[in-house]
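Only one structure is covered here, and it is reproduced in the block below.
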Amino acid sequence: MSIKPARTRVAPSPTGHMHLATARVALYDYLLAKKTGGQFVLRIEDTDLSRTVPGAEQEIMDGLRWLGLNYDEGPDVGGAYGPYRQTDRRDIYLSHARTLVNNGCAYPCFCTPDRLEKVRQEQMKRKENPHYDGVCRNLDPDEAARRVANGEKYIIRFKMPKEGTTTAHDHLRGDIVTENKQINDYVLLKTDGLPTYHLAAMVDDHEMGITHVLRGSEWLGTFPLHVNIVRAFGWEEPTWVHLSVFLKPSGKGKLSKRDTSIAMKDGYSVFIKDMNDLGFTPEGVNNWIALMGWGVAEDDVLDSSQMVERFSIDSLTPSPAAINFQKLDHFNATHIRLFTSEDLAARIKPYFIREGLDVNDDILLKIIPLIRERLVTLDDCIAFGGFFFKDEVSPNPEDLVAKGLDAAGSAQIAQRAYQILSEQPGFGHEASEPPLRAYVEESGLNANQVFGILRVATTGQKVSPPLFESMEIIGREKCLQRIQNAIRILQTM
RNA sequence: GCCCCCAUCGUCUAGUGGCCCAGGACGAAGCCCUCUCAAGGCUUAAACCGGGAUUCGAAUUCCCGUGGGGGCACCA
């Protein structure tokens with residue numbers, strides 16, 4: 001690991017919901033910056049006006065903050081290398097495009113979209129690779145300049161060398177050698193005066209002093225182009241790291257944000273904005289995405305500081321990774337068990353409130369040890385602890401009937417239990433459990449039957465945290481009331 | 001069609017020529033614990049895509065297949 005501080009950037013387009021892949025790039029960027037004492041930058045790549053979605057930029061910033069990936073520089077925090085929104089940098093790209101035209105590495109192109117489309121069709125018909133046919137590449141520079149001066153519409157294309165090969169170095173894959181003739185004369189500057197990614201990203205990465213470019217492997221195809229652009233400017237290249245892509249859970253095909261069938265189903269989502277609602281924690285999500293594409297040996301439950309400590313771009317993996325929601329569950333549940341009681345209480349409180357429950361903070365803190373290891377997602381607190389905040393519970397009558405018994409028999413047990421509990425001077429679980437256990441012994445019933453009735457009676461549900469501890473928190477009065485109510489239900493069945 | 005990338009248990013991965021009859025984690029199965037559900041403990045099943053080559057020796061190097069993925073826009 002280099003000691004030199006790294007400047008990294010995540011550069012999403014505000015074209016839709018922020019998803020897992022963006023979050024992972026940001027995570028790695030963040031980790032590398034922290035590890036080396038450098039800076040992590042957010043840059044918004046909004047040069048395609050037609051695809052920009054209102055609110056998407058905010059969603060990205062909110063998502064990064066939710067994940068705890070606070071950027072040192074960005075549109076809303078500023079920084080010495082701004083502006084951080086590409087539409088605010090038009091002039092910068094324009095002058096750089098001119099530089100390239102002037103040094104012969106780029107040229108104006110006057111071809112109409114119509115003609116281009118026709119050329120493409122013909123090439124396809126001839127089973128050729130669709131590519132720009134180079135009409136304007138061969139224009140006399142003076143004539144081209146004249147036409148530009150005359151106000152003719154034009155774009156600027158990169159003049160890709162026709163001969164030879166380009167060797168581009170990826171940190172994970174080594175040298176990638178491509179024949180130059182395979183690479184098109186890509187558009188650098190569009191009719192609307194805005195740059196394409198190819199120009200904008202290269203210019204910005206250089207101008208912003210980015211030392212390590214981490215990006216998706218979908219950029220591998222244009223990687224040689226990018227390297228040529230950087231070299232045409234005479235700039236030093238950053239370290240290029242092309243990350244593996246995320247595959248659908250099936251492993252068939254790239255994970256797409258347009259694929260709604262898996263975007264949000266069964267309580268899972270690929271969008272960061274949904275994670276909180278679904279009860280996932282930043283710790284769980286970060287841990288999950290961190291390990292898809294990063295080989296950490298052993299101990300793979302890591303918090304942010306442990307990740308920083310261990311992170312290295314050398315241990316990133318180049319192969320595609322299928323996402324696995326079961327693992328998200330695992331990491332989420334594991335991190336929940338690691339939170340302090342106060343922290344966990346604060347985190348689950350909103351879910352109770354969302355459910356319309358009146359949360360008592362004392363009770364909230366008391367139930368934490370009872371429900372903590374049962375939570376996979378934070379919103380599971382409702383299923384395991386909602387009844388603590390209800391005045392009454394309404395058990396399903398059938399659930400009150402113990403296994404192997406009928407309603408009348410179950411009612412008798414409930415009655416006896418009621419009697420035992422009301423005769424007991426104390427009510428804590430230490431006071432209540434022994435006499436009830438003794439009753440189980442002498443009655444010849446099993447604990448499941450007796451405790452099961454009480455569980456359903458007092459909590460209103462078949463599955464709950466440990467019975468006696470729960471009853472203690474519910475309180476003597478409420479418990480007796482609820483058991484009384486259960487007896488009534490059983491007697492009228 | 002053309003170009004590029006990738007290839008270890010179902011999944012995420014460790015492994016950089018002998019330490020590997022391949023290790024960990026998730027998931028699965030079983031047992032223990034147990035008032036339900038969990039958690040926890042123990043155990044089991046489960047992989048080096050195929051074929052050549054190099055080498056005393058290959059999961060690890062090279063070549064060829066095959067499979068998967070990505071790209072071939074005035075989108076990023």
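Naming: A, B, ... by sequence-line order, numbering from 1 per chain.
Nucleotides of RNA chain B nearest to A:Glu433 and A:Ala322 differ in position, and the one nearer the 5' end is that of A:Ala322. Where A:Pro130 and A:Thr196 each meet RNA chain B at their nearest nucleotide, the meeting point lying more 5' is that of A:Pro130.
Following rounding to the nearest Å, A:His242 (NE2) and B:C5 (C1') show an atom-to-atom distance of 10 Å. The distance between atom NE2 of A:His335 and atom C1' of B:A25, rounded to the nearest whole Å, is 13 Å. Rounded to whole Å, atom P of B:A25 lies 23 Å from atom CD1 of A:Ile323. Remark: P of B:G27 and CD of A:Gln326 are 7 Å apart, rounded to the nearest angstrom. A:Asn287 has its CG atom 12 Å from the P atom of B:C26, to the nearest Å. Atom pair A:Tyr197:OH and B:A73:C1' shows a separation of 15 Å (rounding to whole Å applied). Regarding A:Phe246, its CZ atom lies at a distance of 11 Å from the P atom of B:C12, rounded to whole Å. Atom CG of A:Asp399 is separated from atom P of B:C37 by 14 Å (rounded to the nearest Å).
The gap from the P atom of B:G69 to that of B:U11 amounts to 13 Å, rounded to the nearest Å. To the nearest whole angstrom, the two P atoms, one in B:A7 and one in B:A53, are 23 Å apart. Across the P atoms, B:A45 and B:A29 are found 16 Å apart, a figure rounded to whole Å. Remark: the separation of the P atoms in B:C26 and B:U44 is 16 Å, to the nearest Å. Rounded to whole Å, the P atom of B:A59 lies 15 Å from the corresponding atom of B:C9. B:U60 and B:A14 have their C1' atoms separated by 13 Å, with the value rounded to a whole Å. If you take atom C1' in B:C12 and the same atom in B:U54, they sit 33 Å apart, rounded to whole Å. For B:G51 and B:C42, the P atoms lie 38 Å apart once the distance is rounded to whole Å.
With a cut-off of 3.5 Å on both Watson-Crick or G-U wobble distances, the partner of B:G40 is given as B:C32. Across the strands present, B:C49 finds its partner in B:G65; the criterion is a Watson-Crick or G-U wobble pair with both atom distances under 3.5 angstrom. Base-pair partner of B:A59: not found among the strands shown (Watson-Crick or G-U wobble, both distances under 3.5 Å). If you check B:C26 for Watson-Crick or wobble pairing at under 3.5 angstrom, you find it paired to B:G10. B:C72 and B:G1 make up a base pair, with Watson-Crick or G-U wobble contacts both under 3.5 Å. Searching all strands for a Watson-Crick or G-U wobble partner of B:C19 with both distances below 3.5 Å returns nothing.
A:Thr317 comes within 4.0 angstrom of the backbone, heavy atoms only, and of no base. Within 4.0 Å (heavy atoms only), A:Thr191 reaches at least one base atom of the nucleic acid. Contact annotation for A:Gly216: no contact, since no heavy-atom pair falls under 4.0 Å across all strands. Counting non-hydrogen atoms under 4.0 angstrom, A:Pro465 reaches a base of the nucleic acid. A:Trp219 comes within contact range of at least one nucleobase, with a heavy-atom separation under 4.0 Å. When heavy atoms are screened at a 4.0 angstrom cut-off, A:Thr47 is found touching the sugar-phosphate backbone but no base atom. At the heavy-atom level, A:Pro320 lies under 4.0 Å from the strands shown only through sugar-phosphate atoms. Backbone-only contact: A:Leu291 has heavy atoms under 4.0 Å from sugar-phosphate atoms and none from a base. Among the atoms of the strands shown, only primed sugar atoms or phosphate atoms (P, OP1, OP2) are found under 4.0 Å from some heavy atom of A:Pro195. The residue A:Glu469 sits close to a base: some heavy atom pair falls under 4.0 Å. Within the 4.0 angstrom heavy-atom criterion, base atoms lie near A:Ser464. Residue A:Pro466 is in base contact, counting any heavy-atom pair closer than 4.0 Å across all strands shown.
Relative to the side chain of A:His330, the nucleotides B:U36, B:A25, B:G69 differ in distance, and B:A25 lies closest. Among the nucleotides B:C6, B:C5, B:A38, the one closest to the side chain of A:Ser319 is B:C6. You'll find that the side chain of A:Arg51 is closest to B:C75, out of B:C12, B:C75, B:C37. Which of B:A25, B:G69, B:C74 sits closest to the side chain of A:Val245 comes down to B:G69. Nearest nucleotide to the A:Ala321 side chain, out of B:U13, B:G70, B:A73: B:U13. Each of B:C74, B:G68, B:A7 was ranked by its minimum atom distance to the side chain of A:Arg120; first place goes to B:C74. Here B:A76 is the nucleotide among B:A76, B:C2, B:G70 with the atom lying nearest to any side-chain atom of A:Thr222.
Under 4.0 angstrom from either OP1 or OP2 of B:A39 there lies no side-chain N or O belonging to A:Arg372. Within the structure, a side-chain polar atom (N or O) of A:Lys190 is placed less than 4.0 Å from OP1 or OP2 of B:C75.
For the residue pair A:Gln419/A:Gln415, the side-chain donor-acceptor check at 3.5 Å is not satisfied. Counting only N and O atoms by type, the side chains of A:Asp314 and A:His171 include a donor and acceptor under 3.5 Å apart.
At a threshold of 4.5 Å between non-hydrogen side-chain atoms, the residues A:Arg372 and A:Ser341 count as touching.
Here A:His198 pairs with A:Tyr186, A:His226 under the ring-ring contact (aromatic ring centres under 6.0 Å, His included) rule; sequence neighbours left out.
Counting non-hydrogen atoms of neighbouring residues, nucleotides and ligands closer than 6.0 angstrom, the CD atom of A:Glu59 exceeds 12 such neighbours. Annotation for A:Lys118: atom NZ does not count as buried by contact number, only 12 or fewer foreign heavy atoms lying within 6.0 Å.
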I'd like to know whether A:Arg24 forms a side-chain hydrogen bond (donor to acceptor under 3.5 Å, both in side chains) with A:Ser244, so could you lay out the CA-CA distance, the side-chain angles of the two residues, the decisive distance to 0.1 Å, and finally the verdict. CA-CA 10 Å; A:Arg24 187 188 53 167; A:Ser244 62; 3.3 Å; yes
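The two residues A:Val296 and A:Leu291 make their nearest non-hydrogen contact at CG2-CD1, 3.5 Å.
Each of A:Ile336, A:Asp343, A:Leu364 was compared with A:Ile348 under the side-chain contact (heavy atoms from CB on, under 4.5 Å) criterion, and only A:Leu364 meets it.
Two rings, from A:Trp219 and A:Tyr197, have their centers less than 6.0 Å apart.
Taken residue by residue, residues 441-463 of chain A places heavy atoms nearer than 4.0 Å to RNA chain B at A:Ala447, A:Asn448, A:Phe451, A:Arg455, A:Lys462, A:Val463. Applying a 4.0 Å cut-off to non-hydrogen atoms, the residues of residues 153-162 of chain A that approach RNA chain B are A:Ile155, A:Arg157, listed by residue number.
No N or O donor and acceptor, one from the side chain of A:Asn324 and one from the base of B:G27, sit under 3.5 Å apart.
A:Cys109 SG to A:Lys153 NZ: the interatomic distance, rounded to the nearest 0.5 Å, is 13.5 Å.
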